[in-house]
Structure formats: C-alpha cells, structure tokens
Asker: 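My questions all concern the structure below.
Side-chain atoms are counted along with the backbone in the values below, which use heavy atoms only and exclude waters and symmetry mates. All of these numbers come straight from a predicted model, not from anything done at the bench.
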2 protein chains.
Amino acid sequence: MVTGPRILVVDDDPTVSDVVHRYFDKAGMSVQVAADGNAALEIAARWLPDLVVLDLMLPGMGGLAVCRALRETRDVPVIMLTALGEESDRVLGLEQGADDYLTKPFSPRELVLRVQSILRRAAGPEASELLTDGEIVVDSAARQATRDGALLALTMREFELLTFFLRHPHQAFDRAQLLEQVWGWTFGDSATVTVHVRRLREKIEIDAAAPTRIITVWGVGYRYEPVPAGAAAGHT
Amino acid sequence: MVTGPRILVVDDDPTVSDVVHRYFDKAGMSVQVAADGNAALEIAARWLPDLVVLDLMLPGMGGLAVCRALRETRDVPVIMLTALGEESDRVLGLEQGADDYLTKPFSPRELVLRVQSILRRAAGPEASELLTDGEIVVDSAARQATRDGALLALTMREFELLTFFLRHPHQAFDRAQLLEQVWGWTFGDSATVTVHVRRLREKIEIDAAAPTRIITVWGVGYRYEPVPAGAAAGHT
DNA sequence: GGAGGAGCTTACGGACTCCGAACGGTCCCG
DNA sequence: CGGGACCGTTCGGAGTCCGTAAGCTCCTCC
C-alpha cells in the first residue's frame with residue numbers, strides 16, 4: 001500500500017511518534033517522522049506530505065515557527081498537538097492556520113479519524129455513491145439501504161458491513177480481515193463478526209438459513225456474491 | 001480565480017493577515033492586505049474591494065476613523081475585528097456602520113462564513129433565492145422562513161442550520177461536519193448540534209418527537225429528508 | 001460412524017447514543 | 001438595572017446497539 005496519503009509526524013518524544021506511526025500504517029497511510037523542526041522542514045520539502053501532525057513543544061525551533069515555515073512554501077494541512085491547559089497556545093495555533101488540534105494525552109484512534117476527515121475535506125465534495133445488487137440499493141451518502149424500494153432498518157455496523165461487501169464482491173475475507181476493515185480493530189473476538197453477519201443475513205437474505213449473497217467459506221470466512229444480472233427474480 | 005469577490009484585509013499583525021489571506025484564497029476570493037489606515041484607504045480607492053475586514057486596533061489612524069473614511073466615499077461592507085473585552089469599542093464600531101464584527105481570537109473559518117453571508121446579502125434582491133420543502137419556504141436573502149405562509153421565528157443558528165439542510169438533502173452528516181459547515185468550528189462540543197437540532201425540530205416538525213424531516217441516523221448524525229413531491233398534505 | 005473443529009443461533013448485560021429539560025452566561029433592549 | 005432572547009453546556013433517563021458467552025448444528029476427516 002504505497003499509494004496511501006503521506007503523513008509527516010513531528011514530535012521529539014519517540015513513545016508518541018511510534019504509536020502514532022503504527023496507527024497510521026494500519027490505516028493505510030505512509031508515515032515519516034521528524035524529531036525537530038529542521039528535520040521536519042527538510043522532509044516536508046523533499047517528500048511533499050499530504051498532511052503534517054505537529055507537536056507544539058519542540059526542541060530548538062518552536063512548533064508555531066515550523067507551522068509558519070511550512071505554510072510559506074506550500075498549503076499543506078496541519079494538525080497541532082498541544083499539552084493540556086495551554087489555552088493561549090491553542091488559540092495561537094488556530095490563528096496560525098492549523099486546521100485542527102488535539103490536546104495531549106490524546107487517543108491515536110481519534111487522531112486518525114481527524115486526519116481522515118481533513119483529507120476528505122481537502123479532496124472536495126464526495127460524489128454520492130449508489131451501490132446496487134439486484135433489488136438491493138445502498139446510498140452511502142444518505143446512509144440508508146432499500147430492498148425493492150422498502151427501507152432496510154440496518155444498524156451502523158450492519159450498514160458498514162454491507163457496504164464493504166458490496167465494494168468487494170467475489171472475494172473471500174477471513175474474520176480478522178473483516179474485523180480490521182470494517183471495525184477498525186486489529187485485535188478482538190472474531191465471534192463478533194459471525195454474529196453481525198448473521199444479523200445482516202436476517203435482513204438482506206430471502207432465507208437467512210440458505211444465504212445466496214453472504215456465502216460462508218468454510219475454514220476461511222465469508223464471501224459476497226451478487227445476484228447474476230438476469231437472474232431468477234420475479235421482482236420489479 | 002480572478003473573478004472572485006475582492007476582499008481588503010486591514011491588520012498590522014502579519015500572522016493574522018497571512019492566515020486570513022490563505023483562507024480567503026481557498027474560498028476563491030481575491031485578497032489585498034494593508035498594514036495601516038493610510039494604506040487601506042489608498043488601496044480601497046484604487047482597487048474597489050467588495051468587502052473590508054478591519055482591525056479596530058491600528059497604528060496611527062484608528063480603525064474607527066478608517067471605517068468612517070471608507071464609508072464616506074463608498075458604501076462598502078465592513079467586518080470589524082476587535083480584541084476581547086473591548087465592549088465599548090465594538091458598540092461604537094457597529095454604530096459607525098460596521099456590518100458585522102468578530103472578537104479575537106477568532107476562527108478563520110468562521111470569518112470566511114460571515115464574509116460569504118454578507119456578500120450574499122449584499123448581492124442584492126436579484127439573488128433572492130427561495131428554498132422550499134413542502135409547506136416550508138425559506139427566503140435566504142430576506143433571512144425569513146415561513147410555514148404555510150406563517151412566519152417561523154427562527155434564531156440565526158436555527159436559520160442557518162435549516163438552510164444548510166435544505167441545500168444538502170438526502171445526505172447524512174455527523175455532528176462534527178455540521179459544526180464545521182454551519183458553525184465554522186473545527187473543534188467544540190458536538191452536543192451543541194444536538195440541542196439546536198432539537199430546537200429546530202420543535203419549530204418545523206409537526207411532531208418533534210416523531211420527526212419526518214430531520215432524521216437522526218443512529219451512531220452517525222442527522223439527515224434532512226424533504227417531504228415527497230406528491231405527498232399526503234391536506235394543506236394549502 | 002464417530003470425534004473434533006468450525007460455524008450457527010440465541011440470550012443477556014453493559015456500553016453507548018440520543019433525547020428532553022434545565023441551567024448559567026452573554027448580549028441587547030427598555 | 002432588570003428582563004428577555006439566544007446560545008452553549010450539563011445532567012438524568014430511556015432506548016438502542018453491540019460484544020460476549022454458551023449451547024447447538026453442521027461439516028470434515030479419520
């Protein structure tokens with residue numbers, strides 16, 4: 001996955017940058033780490049990151065100065081990390097043009113979410129996408145799914161699971177993969193997947209006991225199989 | 001983008017004007033910066049900006065004097081920037097004919113939103129845009145909303161929230177997105193959104209406890225669903 | 001055909017989300 | 001200065017959803 005967005009992390013504390021590094025990796029992003037302002041500017045000039053995560057407290061050149069220098073050469077989004085209670089610094093950071101900020105200690109997961117949100121914003125308005133499979137239509141923008149025009153009451157997990165399957169048909173995934181792709185987990189009980197697949201089947205399959213869409217691949221996991229183009233039906 | 005509206009920024013602090021400059025650029029507007037009152041008047045006379053962002057605290061000639069001088073030659077909208085707590089100054093500023101004001105520190109995003117709002121208002125009655133959904137009609141220029149012809153007493157936030165929803169129907173937004181799009185915040189408590197949605201529902205829904213327009217999307221946020229074209233009714 | 005493992009089904013308690021109401025603060029007006 | 005409007009926050013409560021556990025069925029391989 002060399003094609004993911006490039007993130008530059010600037011922090012002199014290795015325990016912070018290491019954790020953040022791993023989380024970004026998992027989210028499919030490329031990461032470089034700089035320990036001080038000079039290294040940051042150097043990497044930024046050469047590597048052209050899509051976003052910069054910047055600690056406000058840096059040895060030598062301060063975080064604000066780095067931010068300003070970054071913005072001079074290129075219009076790259078910046079997320080600032082500030083220590084708790086440095087209210088004035090935070091305000092200053094926002095005025096300097098930081099696109100967002102987080103106060104330490106922060107959750108790595110939240111950082112990833114904010115980064116994705118900002119990148120999405122920079123990418124422009126997302127096209128409202130319609131995923132279809134036979135009589136089932138999923139509107140990812142509206143976050144609702146219909147079957148024969150009737151609304152399907154899917155919960156959030158079920159909706160995301162279905163969306164993922166529709167985007168990756170004809171391909172088998174084991175439970176660990178689904179847990180990571182849909183839940184965003186890297187650990188956890190795979191039984192969770194089993195239960196949610198069952199609940200989803202109950203809502204989208206004609207007969208949940210004899211599924212035709214979410215196929216069980218024995219010893220592996222599951223595979224989504226769209227209905228053939230000119231299939232049985234009797235619908236419309 | 002040479003065709004965008006022209007904004008003149010008057011502030012002696014480069015860290016402020018630079019940031020503001022970039023944000024306006026991103027919004028597709030042309031920007032000129034003046035560091036003091038004399039430069040401001042000179043540029044204004046030559047360049048004829050569509051709007052002026054004016055710091056109240058200026059070296060030499062004060063912001064109020066600049067504002068007065070600007071208004072003498074041409075009726076250009078002015079947004080004032082005031083330091084926190086300068087209550088009297090702000091009042092004075094509004095009396096001098098400022099169209100809006102912001103207290104420092106402010107969010108650049110919010111400034112852009114206010115500028116766009118004022119420009120839209122100043123664009124004249126030709127842009128009198130009518131947003132409608134069933135028996136609800138919103139006149140964005142007049143900043144008035146009616147239901148069955150009766151005026152709806154919406155506050156500013158409620159009005160802007162409703163306007164945003166009407167412009168983006170059938171699409172689910174999480175609270176952070178609404179906070180950014182409507183409030184102009186990139187941080188803050190998402191509960192704010194919840195409460196305003198509730199208060200707006202109280203005014204536009206038949207039964208606020210069973211909303212049919214502002215739908216809550218569990219685990220995500222809200223979605224606006226206009227009434228179907230040939231729906232039930234019994235109105236008029 | 002039997003044993004073992006993998007998947008299915010159900011039930012339940014806790015966690016989370018949303019709602020509704022009330023509170024305190026600020027600004028505006030009389 | 002007192003009252004009102006609007007806004008952002010907070011808190012309790014109710015409802016929903018989710019993950020886990022436990023027993024069961026089905027498949028596979030010996």
Asker: Please report, rounded to the nearest Å, how far the P atom of C/dT9 is from the CD1 atom of A/I214.
Answerer: 12 Å

Asker: Could you pull out all residues at least two apart from B/R175 that satisfy salt bridge (charged side-chain N to carboxylate O under 4.0 Å, His left out)?
Answerer: none

Asker: Would you please name every residue forming a salt bridge (charged side-chain N to carboxylate O under 4.0 Å, His left out) with A/E180, sequence neighbours left out?
Answerer: none

Asker: Would you mind reading off the distance between A/H196 atom NE2 and C/dC8 atom P, rounded to a whole angstrom?
Answerer: 15 Å

Asker: Verify the distance criterion only: is there a donor paired with an acceptor across the side chains of B/R223 and A/Q144 at less than 3.5 Å?
Answerer: yes

Asker: For B/A176, check side chain to side chain contact (heavy atoms under 4.5 Å, CB included) against everything at least two apart and list the hits.
Answerer: B/D174

Asker: Who are the ring-ring contact (aromatic ring centres under 6.0 Å, His included) partners of B/Y224, not counting sequence neighbours?
Answerer: B/F165

Asker: Any salt bridge (charged side-chain N to carboxylate O under 4.0 Å, His left out) pairs touching residues 187-208 of chain A, not counting sequence neighbours?
Answerer: A/E158-A/K203, A/R198-A/E202

Asker: Under the rule for salt bridge (charged side-chain N to carboxylate O under 4.0 Å, His left out), what residues qualify as partners of B/D133, not counting sequence neighbours?
Answerer: B/R213

Asker: Can you list the residues that meet the side chain to side chain contact (heavy atoms under 4.5 Å, CB included) rule with B/Q116, with sequence neighbours excluded?
Answerer: B/A27, B/M29, B/V112, B/L113, B/R120

Asker: What range of DNA chain D does chain A touch, first nucleotide to last, counting atoms under 4.0 Å from its heavy atoms?
Answerer: D/dC17 to D/dC27

Asker: Who are the ring-ring contact (aromatic ring centres under 6.0 Å, His included) partners of A/H196, not counting sequence neighbours?
Answerer: A/W183

Asker: Enumerate the residues from residues 154-167 of chain B whose closest heavy atom to DNA chain C is under 4.0 Å, giving them by residue number; use none for an empty result.
Answerer: none

Asker: Quickly work out the A/R199 CZ to C/dA11 P distance and round it to whole Å.
Answerer: 12 Å

Asker: Check whether any side-chain N or O of B/R74 sits under 3.5 Å from a backbone N or O of B/P49 as a donor-acceptor pair, and report yes or no.
Answerer: yes

Asker: Using the closest heavy atom to pick a nucleotide of DNA chain D for each, name whichever of B/A153 or B/D189 lands nearer the 5' end.
Answerer: B/A153

Asker: Rounded to whole angstroms, how far apart are CD on B/E202 and C1' on C/dC19?
Answerer: 11 Å

Asker: Shorter than 3.5 Å, N or O on both sides, protein versus nucleotides 16-18 of chain C: list them out with atom names.
Answerer:
unit_1: C/dC18; atom_1: OP1; unit_2: B/R175; atom_2: NH1; d: 3.4
unit_1: C/dC18; atom_1: OP1; unit_2: B/G219; atom_2: N; d: 3.2
unit_1: C/dC18; atom_1: OP2; unit_2: B/R175; atom_2: NH1; d: 3.1

Asker: Starting from the 5' end of DNA chain C, give me the residue, B/V197 or A/V197, whose nearest nucleotide shows up first.
Answerer: A/V197

Asker: List the residues meeting side chain to side chain contact (heavy atoms under 4.5 Å, CB included) with B/R147, not counting sequence neighbours, and say none if there are none.
Answerer: B/E135, B/I136, B/L152

